[in-house]
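Reviewing the structure listed below.
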Amino acid sequence: MGDKRSLEGRVAIVTGASRGIGRAIAIHLAEKGAKLVINYAGNVDKAEEVASIINAEDCRAITCRADISKASEVSRLFDAAEEAFGGKVHILVNCAGVLDSECPPLADTSEQAWDWTFGINCKGVFLCCREAANRLVKGGGGRILNLTSSVVLSLRPGNSAYAASKAAVETMTKILARELRGTKITANCVAPGPVATDMFFESKSEALVERIAKECPFERIGEVDDLAPVVAFLASDEGEWVNAQVKVEMTQLCSTGEVKEHGPMRWGLLKYFSGCP
């Protein structure tokens with residue numbers, strides 16, 4: 001995907017970067033030259049492990065504990081980035097997310113579970129995006145990337161709260177891209193299909209995992225390293241013309257622009273590439 005050091009000198013915040021998809025993205029962005037803020041909510045050892053991997057050759061990563069559902073802590077997260085690297089942040093990648101492992105139907109979803117899901121998946125992303133809209137570098141290189149989910153399209157029973165929270169983020173992101181007109185800050189979503197993370201495997205039987213894998217055109221569960229290069233591309237100068245879009249795994253595009261699930265393409269784009277959202 002172009003220059004191996006395409007993000008040289010740029011500062012990136014990755015939320016939920018201590019494990020899973022966020023961990024892989026943080027490490028890959030660092031390999032592309034970015035300086036990283038590894039955000040985590042609770043597991044400091046895992047976060048420090050990621051930072052150690054990145055800092056093995058050069059000190060280009062710090063860790064910062066922050067609950068992204070709290071505005072004051074999100075502001076502190078950006079403060080930490082600016083203080084550590086002596087300048088504004090270029091890239092925000094929102095990976096932090098939660099999923100009720102019981103996957104109850106909507107009729108059995110508690111108000112507490114709904115609020116917990118939206119508090120991190122939706123409010124947390126809103127607070128991070130709001131801070132980014134005011135504090136990212138303007139004039140070129142500013143990128144907001146929100147991780148959503150293919151369940152917004154697949155509409156799997158038992159995922160009402162999770163899918164609704166991710167759908168809200170997709171809509172918010174498209175509007176934000178339009179509101180950022182003139183700043184050269186882009187805002188996009190990446191919506192993975194099933195990916196082999198602890199959150200995905202939790203409470204799933206082996207038979208269910210096999211069935212889900214068979215639904216994918218490659219007949220396997222995605223790996224975190226499948227996603228990181230896509231995020232890096234969107235964060236780079238090469239990805240500048242992609243704006244206000246949702247990049248979706250395991251879909252195909254019809255001539256009408258409608259998205260069909262489980263098509264032969266590994267990745268599809270909702271609508272089109274467009275630098276003019």
Side-chain angles (χ1 to χ4, degrees), residues 1-41 46-66 68 74 77-78 80-97 124-125 128-129 131-132 135-137 140-148 173 184-192 195 197 222-243 245 247 249 267:
M1 286 202 176
D3 185 1
K4 291 182 179 180
R5 304 287 289 183
S6 58
L7 300 176
E8 187 71 48
R10 299 186 186 182
V11 177
I13 294 174
V14 181
T15 69
S18 63
R19 60 178 187 161
I21 295 172
R23 180 183 189 276
I25 288 173
I27 292 172
H28 190 74
L29 295 184
E31 290 172 350
K32 293 291 185 179
K35 302 172 184 178
L36 267 294
V37 178
I38 310 300
N39 164 251
Y40 67 100
K46 290 291 186 182
E48 291 293 348
E49 180 183 301
V50 177
S52 295
I53 293 171
I54 294 171
N55 290 330
E57 297 182 2
D58 189 13
C59 293
R60 292 182 292 107
I62 64 166
T63 62
C64 183
R65 181 172 184 171
I68 64 167
V74 171
L77 178 61
F78 277 75
E82 292 174 357
E83 291 169 7
F85 300 116
K88 289 183 175 292
V89 176
H90 298 79
I91 302 159
L92 169 69
V93 184
N94 280 306
C95 287
V125 174
C128 289
C129 285
E131 201 73 17
R135 297 178 67 168
L136 286 191
V137 167
R143 303 286 185 269
I144 297 172
L145 296 160
N146 296 324
L147 272 287
T148 57
T173 303
K184 290 194 174 181
I185 297 172
T186 65
N188 292 288
C189 293
V190 175
V195 178
T197 62
E223 299 291 340
V224 293
D225 290 336
D226 293 328
L227 305 178
V230 178
V231 173
F233 166 73
L234 293 172
S236 71
D237 289 342
E238 292 175 320
E240 185 175 44
W241 194 246
V242 186
N243 197 17
Q245 302 302 310
K247 196 163 181 62
E249 185 181 10
W267 292 92

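Please read these numbers as outputs of a predicted model, since none were measured by experiment.
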Quick check for you: to the nearest 0.5 Å, what is the distance between [X] atom [atom1] and [Y] atom [atom2]?
{"X": "Arg143", "Y": "Arg10", "atom1": "CZ", "atom2": "CZ", "result": "6.5 Å"}
{"X": "Glu48", "Y": "Asn55", "atom1": "CD", "atom2": "CG", "result": "9.0 Å"}
{"X": "Leu77", "Y": "Arg135", "atom1": "CG", "atom2": "CZ", "result": "9.0 Å"}
{"X": "Ile144", "Y": "Thr186", "atom1": "CD1", "atom2": "OG1", "result": "8.0 Å"}
{"X": "Ile25", "Y": "Cys95", "atom1": "CD1", "atom2": "SG", "result": "3.5 Å"}
{"X": "Ile185", "Y": "His90", "atom1": "CD1", "atom2": "NE2", "result": "10.5 Å"}

Partners meeting side chain to side chain contact (heavy atoms under 4.5 Å, CB included) with Arg65 (sequence neighbours left out):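 Scan of Arg65 (side chain to side chain contact (heavy atoms under 4.5 Å, CB included), adjacent residues dropped) gives Tyr40.
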Might you point out which heavy atoms bring [X] and [Y] nearest each other, and give the distance in Å?
{"X": "Asn94", "Y": "Thr15", "answer": "CA-OG1, 3.3 Å"}
{"X": "Gln245", "Y": "Asn243", "answer": "NE2-O, 3.0 Å"}
{"X": "Thr148", "Y": "Ala191", "answer": "OG1-CB, 3.3 Å"}
{"X": "Ala30", "Y": "Ile54", "answer": "CB-CG2, 3.6 Å"}
{"X": "Val74", "Y": "Glu131", "answer": "CG1-CB, 3.9 Å"}
{"X": "Ala24", "Y": "Asp225", "answer": "CB-OD1, 3.9 Å"}

Worked check of side-chain contact (heavy atoms from CB on, under 4.5 Å) between Leu36 and Leu29: CA-CA 8 Å; Leu36 267 294; Leu29 295 184; 4.2 Å; yes
Is the closest side-chain heavy-atom distance between [X] and [Y] below 4.5 Å?
{"X": "Pro192", "Y": "Leu147", "answer": "yes"}
{"X": "His28", "Y": "Val231", "answer": "no"}
{"X": "Phe78", "Y": "Leu136", "answer": "yes"}
{"X": "Glu49", "Y": "Arg23", "answer": "yes"}

Step-by-step salt bridge (Lys or Arg N to Asp or Glu O under 4.0 Å) determination, Glu240 to Lys184: CA-CA 8 Å; Glu240 185 175 44; Lys184 290 194 174 181; 5.1 Å; no
N/O donor-acceptor pair under 3.5 Å between Asn39 side chain and Cys64 backbone: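 Flag set: sc Asn39 to bb Cys64 pair under 3.5 Å.
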Side-chain donor/acceptor of Asn188 to backbone N/O of Leu234, under 3.5 Å: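 Here the side-chain-to-backbone pair does not exist.
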